[in-house]
Structures are given as structure tokens and as C-alpha cells.
Amino acid sequence: MPFWAGSIDDVSRPAFRSVAQTLADAWTEGENVHHLFAGSPHSRPMLYAYKFDSRGFHVALKTPEQYEESLRKLNFKLYLQGELVDTPVDHPMIRPSMNSVKATYELAQDPQYETLMTATSHLTGKKINRFTHLHQSTQDLVNKVKMQRLLGQKTGSCFQRCVGMDACNALDTTTFEMDQKLGTDYHKRFEAFLLKVQEQDLVVDGAMTDVKGDRSLAPSKQADPDMFLRIVERRADGIVVRGAKAHQTGALNAHEIVVMPTIAMGSEDTDYAVAFCIPADAEGILYIYGRQSCDTRKLEGGDIDVGNKNFGGHEALMIFEDVFVPTANVFMCGEVEFTGMLVERFAGYHRQSYGGCKSGVGDVLIGAAALAADYNGASQASHIKDKLIEMTHLNETLYGCGIACSAEGTKMASGTYQIDLLLANVCKQNVTRFPYEIARLAEDIAGGVMVTMPSEKDLQNPQTAKYVKKYLRGVASVPTETRMRILRLIENITLGASAVGYRTESMHGAGSPQAQRIMIARQGNLAKKKELARVIACIPDPERTSPQATTNGSTSNGSAKNGSTPNGSAEADAEKVSSRSKTAAN
Ligand code: SF4
């Protein structure tokens, strides 16, 4: 029977326990005891109960309204344009970004998107939001990319929730392998955290990027030791950390932060090899909001000049002023040899993510460019059609890479699936280029009026409205305001507030282009490709010295003759070339 008990908060801890016990007793056979949660030591006590669907299964999904309400209860210390902000949710420059995250809750409630937006928890068997899920198959990886494209199409912006999902998947496999090798209990701690995230349907922000100071120096060699986040004190009950994380996507729309190291580290950097989770409003965390192009248009009260009135993204500088992290929340503490693994895996997942979200926003931009051409009366021009084809080709290539690295994913030791790292890096390398070309073509089609037209206030002022309406009109059947709206949307994505996500973030988010080229070089298996060429060209194997082996221009087992390597068939060779990330992952 459908049932909703809602949430009970702002109760003292003893009172919470008492309420929890009462409900646990009342709610049958103890099944629900498992589903009652207190907040972590840094949070207010909170109690959640879950809805049962018609089949009697339970789900752990917040409604969009509950999500917004839960954010209001957090005590962020946030500065925006030099001022402290009381309630980020209600700030006109922040709210569109909250709406984008809220869309991840809205679509999860919509039956038509159930397959993409929800998944079954491997921990509890419950229906959960896919953003809190660990990928249990290649189909999960594919569905993740499809979900991201869908959200890009619905919001035309960065919806922010992917970073935490990618961080959790990377932490799962890494902590599991750390425990296997070191005998630690990091994975158990991580699973307890993940359970809370799934049960409370929380937004997690993944905080990786340190401010880095002098890029030529290791963390411990910096003039200022706080250029990379570090442990400044080790206590019996936890650690104290200091430093900052830059470009934190959606941080003010998150409940929890997962902090990870930003680079592979050496033995001199043990204090910097640290990973943990912490409530986003924990004592000692300070945020400084990042500016975006045209951001103050959101303060003007209109809805045309902003380009995308309802949705957006945000980034913030996150500062840790000697923040205490309890031992139970720590997932890495000095194990430098695992920093590279964690960074590489997180980056791989997020490079996959871009194949979804950027193609979704690309769909919106292509549609906007096509409408602009319709409104200009240029849609039948062959060069316009060709430009739209080129934009579509580039956009689908991005998506294809996201799908490919998912379909080629492999099961890791923990049971979670990881993308093919080479294909994920190829995906992101394309993302550093194609959105720029798609944006260039959109600007080409839109025309210069996109950046020179008057404001919407001139459209409203009777003194100027008649001229704006008359002289900015394209085809007679389309009102000037309609044309202005689509041009402002193109402006928003290509050089306004959403260009942060669609352009510069495409370049630098999830690692700058050179980071992918390093991974492509590492994963590309050039030696194997040389071997393929050598065999087909009937060149003797230089490693085989037997005169017998080289007389016939073949290897000792005659493999050159049939086009395969000494060890097996051509099919097996192809498998080895495409399975480099399995090798790397293991
Ligand atoms: Fe998600 Fe894309 Fe934003 Fe990253 S840039 S958080 S993948 S929407």
C-alpha cells in the first residue's frame, strides 16, 4: 500500500531516538528499522521514512520539494560578490543551478524516465536515484550516459550531480583494492557512507581539484604548504585538514562533499594523500562563489536576456579552515601509492560523463541554431543545412564515445563496473574540441545580432518597443520577441552563463586536454599495434633468434601466414588491443 511518512527533523538526538524506536516498533517486522537514519555527527538529527510502491517494494527517493527543503536546512558559509549569503536556494544568481539539480529528482519521479533515472541498489535492493548508484553492469554505464544526455536536453546546462556519482564509483573500487592489499577498513567505511547517500537520496559533491600553486612543484615542495589540501593533525578520533578545492561544481546544492587527492603522489606527500566525506555545511568550510559571464543578468528580473531563465550551473572555491573529519569518514590517509589509481578512475568516469551531458546540451544548441535559421528565413539555404549536419555529426560523435567506453566497461574487483579508460579519454579529448566547433557554427547561423541586439527592457519600453519589434523582425510570421529569445539562448550557451559548462569546462573539466593525451599514450598499447603491422608485413620477429623461425618469413608457429600473433587468433589479438583498461585496472 502506498505510504509516505515524510521526514522529521530538528529534534534533539534523544528525542530522535525515541521517535525512531516508536516508528521501528510500529512498522512491521523490523523491516523499516533498516531505513531509519540519524544524520552524521556534523548534521542535525534527521529521520527518513520511505514510500512503498504498489508492488510492495520500497524506494529511497526524495521528491523535488523535499530536496529543496533539505537544502534550506543546511548552514552554508557562503560569500557571493563580497557578501554573505543567507539562503543560497533563494538567491537569484544561485537558484537556477539548484533547479538543474532539482531536475534530477523530478525526472526520477516520472515513470517514462524510470529506467534511466533510477536503479536498484546493490546494497538494499531498493529503487534509488541513479546518481547514487554504483554501476553493476555495462548496461548501467550506458544508462548513465543516456540519463546525462536526457538531463542536458532538459536543462541546457550543467546539472552538477554527476561529480559525486563518479567520485563514489571511483572510491568504491579503489578502497576495495586498498583494503585487499593493506588490510585497512576503508571500503567498509565508504559503504556506510554510500548507504546513507542512497537511503537519503543525497547530492554528493566530488572535490578533487586543488588550487595547486606552482605547477612544477610537488604538494610538499610548495612555498605555501596549503596549495594542496592536507592533513594538519592526526587525532585518535579523526584528522584535521586544511586547504582549498577549486571549481567545485554544484557545491552549494550538495548535502555531502567527498574530498579526494588531485594528483598521483610520492612518499614525501603522505599528508596530502587524503580522501574523506564531510557534510557540505560542516564547521570550518567556507565557500566563495565563482563569477560567470553575464551572471548579473539574473538580478535584472527579466526572463529573455538571461537566455536560460530556469536552469544553470555553478562553481565555487571551497576552503577548509582546519576542518575535523571523524575516522569513520576517512577513506584514504597517507596511502600515496593509491592516489594515482583514485585520480585516474574518477577522471575516467567523469570523462565518460561528458559524452552524455555535453551531447545533451549540444542537442539544445543545435535546435536553437535551427530555430534561429527558421526565424531568419535562412533554413532552406544549403550551407545552413550543411552546418546543422556538421553540428549533429560532431555531437553524435561525442555521444558515441560516451556509449562506447560504457559498453566496453569491465567488472572490477569490488563488483562495480568501470568504463574503458582509453575510450573515456578519447571521449573527453573530443569534448575539448567539438563543443567549440558546434558553438562556432551556432554563432555563424545566428548572426551578429545575437550579440548586438537591444535588451528586453527596450522591447518593453513603449518609446523603443515599436522600433525593436519592427527592425529586429526576421520572417513576418515570427514575433520579434520569439526571435530574441532563441538568440539569447544561443548567447547563453556559447558565451553567457552556460558557456562555463559548455565551453571552458569542456576544455578543463575532468582534466585539461594534456591529461587525456597522457592517458591515451599510456592506454593506447602502441607496442601491440606495431606487432600487428609487423606480422602483416611479414617482418621476422626480432625477439625470436632461431634461423628456422625466420627462413619462411614467419614466426616459429607460422602465425604470420594466417595473420595472427604467435599466441593465438586474430580475434584474440583484437581482444587484447581493446582490453587495455582491464589490464590497467587490475
Ligand atoms: Fe555532470 Fe556534465 Fe556538469 Fe560534469 S559538467 S557535473 S558531467 S552535467
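None of the values given here were measured: they were computed from a predicted structure. Counting starts at 1 for both ligands and their atoms, following the listed order.
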Legend entry - Cation-aromatic face contact Lys196/Phe193, 6.0 Å, 45 degrees: no
Inset, instruction - Verify whether one side chain among Asp420 and Thr410 offers a donor that lies under 3.5 Å from an acceptor in the other. - result: no
Inset, instruction - Considering the heavy atoms of Ser353, write down every atom of ligand 1 situated less than 4.0 Å from one of them. - result: 7 (S)
Legend entry - Numbered atoms and elements of ligand 1 in range of Tyr354, under 4.0 angstrom, heavy atoms: 4 (Fe), 5 (S), 7 (S)
Inset, instruction - Run the numbers for me: atoms of ligand 1, each under 4.0 Å from some heavy atom of His350, listed by number. - result: 4 (Fe), 6 (S), 7 (S)
Legend entry - Atoms in ligand 1 flagged as close to Gln160, the criterion being non-hydrogen separation under 4.0 Å: 3 (Fe), 6 (S)
Inset, instruction - Evaluate the side-chain proximity of Cys401 to Leu423: yes if any heavy-atom separation is below 4.5 Å, no if none is. - result: no
Inset, instruction - Would you mind checking if Arg440 and Glu443 are paired as a salt bridge, meaning a charged N to carboxylate O distance below 4.0 Å? - result: no
Legend entry - Test item: side-chain donor near acceptor, Gln198 and Ser121, under 3.5 Å: yes
Inset, instruction - Around atom 2 (Fe) of ligand 1, find the nearest protein heavy atom and jot down its residue, atom name and distance. - result: Cys357 SG, 2.3 Å
Legend entry - Nearest neighbour in protein (non-hydrogen) for atom 3 (Fe) of ligand 1: Cys158 SG, 2.3 Å
Inset, instruction - Examine Cys162 and say whether one of its N/O/S atoms is closer to atom 1 (Fe) of ligand 1 than 2.8 Å. - result: yes
Legend entry - Atoms of ligand 1 close to Val163 [distance to a heavy atom under 4.0 angstrom, numbered from 1]: 6 (S)
Inset, instruction - Using a strict cut-off of 4.0 Å, indicate which atoms of ligand 1 neighbour a heavy atom of Lys358. - result: 5 (S)
Inset, instruction - Among all protein heavy atoms, pick the one closest to atom 5 (S) of ligand 1 and tell me residue, atom and distance. - result: Glu505 OE1, 2.7 Å
Legend entry - Near-ring test Phe276/Phe331, centroid separation under 6.0 angstrom: no
Legend entry - Sub-4.5 Å side-chain heavy-atom contact between Thr132 and Arg161: yes
